[in-house]
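Encoded as C-alpha cells, the structure appears first; notes follow it.
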Amino acid sequence: MKKILLTILLILITLYLLFTYSDVFKAKLITTYSKNYKESLFNDKLIGISEIELLKKLGKPLKVTQNLSGYESFLYTKDLDKIEIANGYVGITFKDKDYEEQEEIAFSLITFNKYNKCFSQWKTSTYKDTIDLSGKSKEDVIKIYGRPNRKMKCDDGYKVYKYSKLNTNITNNDSTYQINVRLVFIDKSNKVVKIYKNINLDNNEYLGCCGYE
C-alpha cells in the first residue's frame, strides 16, 4: 500500500514540475484540436495542395477567418536592443523582464491598415511627441520622423484555418496561455501557401504571416 501511495505521489510531483517548468508539456496539455486533426499530417507537405484536399486530410477546422486584413507597424526607438515589435500583434515585446527598466525605454509604435492609414499610435511618456497621426499615411509619417528603426508587415488576403485552441476544460479562457498553435494559410487561388506550427498565444490568425525589416 505504501509503495502504491509513493508511486502516486511521485507521479503527481512529476506532473506538477512538468506543468510548472515545461512549456512543451504545458502547451500539449492545454491544447484542443479539431475533431479529425492528425498531428502527423501537419507539415510542409500540405503546402501547394488545394483547400478541398486539405479538408480531406485534416478535416474541418475549429475556425475559419476569411480574407485576413493586413497591416504594417513602424517602430521608432533608440533601444532596439531592448524591445521588439510583437510578432503578429499591434504591440511590442521587451527583451528585459525588469519592469523598471521597461518604463525607461522611449519608443513610438505606429500602425497602418491595408489602406495605408494610421489607426494605432502607441508611445511612452518618455517619448517626447504630441503629434496626432490618425489617418496619416506611411509616407506622411516618414516625412515627419524619417525612416523607422524597425518595421513589421503582416500580409493580407489569406483565408486562415485554425486547427487548435485553448482547452478551457483544463484552464480558464486566459489569452496569456501558450498553446500548440496550428494555422493553415490559403491564398485566393484556394491553395495552401504556408502553415504555422509553434507554441504561442491562442486566437491570433496573424502568427506566421508577418515579417520584419
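Considering T32, L62, L58 as possible partners of Y37, the one that fulfils the side chain to side chain contact (heavy atoms under 4.5 Å, CB included) test is L58.
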| field | side-chain hydrogen bond (donor to acceptor under 3.5 Å, both in side chains) between E72 and N113, intermediate numbers included | value | CA-CA 7 Å; E72 187 169 359; N113 61 25; over 6 Å; no
| query | Can you list the steps and then say if T65 with K162 is a side chain to side chain contact (heavy atoms under 4.5 Å, CB included)? | reply | CA-CA 8 Å; T65 299; K162 178 182 288 188; over 6 Å; no
| task | Output, in order, the C-alpha distance, side-chain angles, deciding distance and verdict of side chain to side chain contact (heavy atoms under 4.5 Å, CB included) for Y212 and K151. | result | CA-CA 6 Å; Y212 293 97; K151 293 196 295 184; over 6 Å; no
| field | Criterion side chain to side chain contact (heavy atoms under 4.5 Å, CB included) on F185 and D187, from CA distance to verdict | value | CA-CA 7 Å; F185 297 87; D187 66 8; over 6 Å; no
| task | Please lay out, stage by stage, how V184 and F42 fare under the test side chain to side chain contact (heavy atoms under 4.5 Å, CB included). | result | CA-CA 9 Å; V184 177; F42 197 89; 3.6 Å; yes
| said: Between C154 and C210, is the disulfide bond (SG atoms under 2.5 Å apart) condition met? List the steps. | reply: CA-CA 4 Å; C154 298; C210 300; 1.9 Å; yes
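Summarising the geometry of N43 relative to S40, their closest heavy-atom pair is ND2-O, 3.2 Å, with the distance given to 0.1 Å. In terms of heavy atoms, I92 sits closest to W122 at N-CZ3, 3.5 Å. Closest of all the heavy-atom pairs between T77 and I105 is OG1-CG2, 4.3 Å. Shown here for F107 and I83, the closest heavy-atom pair between the two residues is CB-CD1, 3.6 Å. Taking all atoms of both residues into account, the shortest heavy-atom contact from K60 to S34 is O-CB, 3.4 Å. Considering every non-hydrogen atom in both S164 and I179, the closest pair reads OG-CD1, 4.1 Å.
A chain of hydrophobic side-chain contacts below 4.5 Å, direct or via other Ile, Leu, Val, Met, Phe, Trp or Tyr residues, connects Y196 to M152. Placement of Y158 and I186 in two distinct hydrophobic clusters is found when ILVMFWY residues are connected by side-chain heavy-atom separations under 4.5 Å, directly or transitively. In the hydrophobic clustering of this structure, I47 does not group with V193; members are Ile, Leu, Val, Met, Phe, Trp, Tyr whose side-chain heavy atoms approach within less than 4.5 Å, directly or through other members. L54 and V181 fall into different hydrophobic clusters, defined by Ile, Leu, Val, Met, Phe, Trp and Tyr side-chain heavy atoms under 4.5 Å apart, directly or through other members. No path of Ile, Leu, Val, Met, Phe, Trp and Tyr side chains, each step under 4.5 Å between heavy atoms, connects V160 with L55, placing them in separate hydrophobic clusters.
Counting only distance, with no hydrogens or angles, the side chain of Y76 and the backbone of G146 share a donor-acceptor pair below 3.5 Å. Judged by distance alone, the side chain of E205 and the main-chain N or O of G88 form no donor-acceptor pair under 3.5 Å. The closest donor-acceptor contact from the side chain of N116 to the backbone of K138 lies under 3.5 Å. Within the 3.5 Å criterion, the main-chain N or O of N204 finds no donor-acceptor partner in the side chain of Y89. Put simply, the side chain of D79 never gets that close to the backbone of D81: no donor and acceptor are under 3.5 Å apart. Looking only at distances, a side-chain donor or acceptor of S137 sits under 3.5 Å from a matching main-chain atom of D140.
Rounded to the nearest 0.5 Å, atoms OH (Y161) and CG (L183) are 13.0 Å apart. For the atom pair L68 CG and D155 CG, the distance stands at 9.0 Å (nearest 0.5 Å). Atom CG of N190 and atom OG of S50 lie 8.0 Å apart (nearest 0.5 Å). For the atom pair OG1 of T31 and NZ of K165, the computed distance is 11.5 Å after rounding to the nearest 0.5 Å. With rounding to the nearest 0.5 angstrom, the OG1 atom of T111 is 4.5 Å from the CG atom of L109. Annotation: the span from N180 atom CG to N200 atom CG amounts to 10.5 Å, rounded to 0.5 Å.
With respect to K197 and E39, a salt bridge is recorded, a charged nitrogen being found less than 4.0 Å from a carboxylate O. Under a 4.0 Å N-O distance rule, the pair E51/K191 does not qualify as a salt bridge. Taking a cutoff of 4.0 Å between a charged side-chain nitrogen and a carboxylate oxygen, E213 and K153 do not qualify as a salt bridge.
Counting heavy atoms from C-beta on, the side chains of K82 and F94 never come closer than 4.5 Å. Residues L75 and L80 form a side-chain contact, since some pair of their non-hydrogen atoms from C-beta on lies under 4.5 Å apart. Looking only at side-chain heavy atoms (C-beta outward), N167 and L29 stay at 4.5 Å or farther from each other.
Open room surrounds NZ on K45; 12 or fewer heavy atoms of other groups in view lie less than 6.0 Å from it. By the neighbour-count criterion of 12 heavy atoms within 6.0 Å, atom NZ of K194 is densely surrounded, having more than that number from other residues, nucleotides or ligands. Other residues, nucleotides and ligands place more than 12 heavy atoms under 6.0 Å from the NZ atom of K114.
Classified by interplanar angle (parallel below 30°, tilted 30° to 60°, perpendicular above 60°), the ring pair Y206/Y71 is perpendicular.
Checked against a 6.0 Å centroid threshold, the rings of F112 and F74 count as neighbours.
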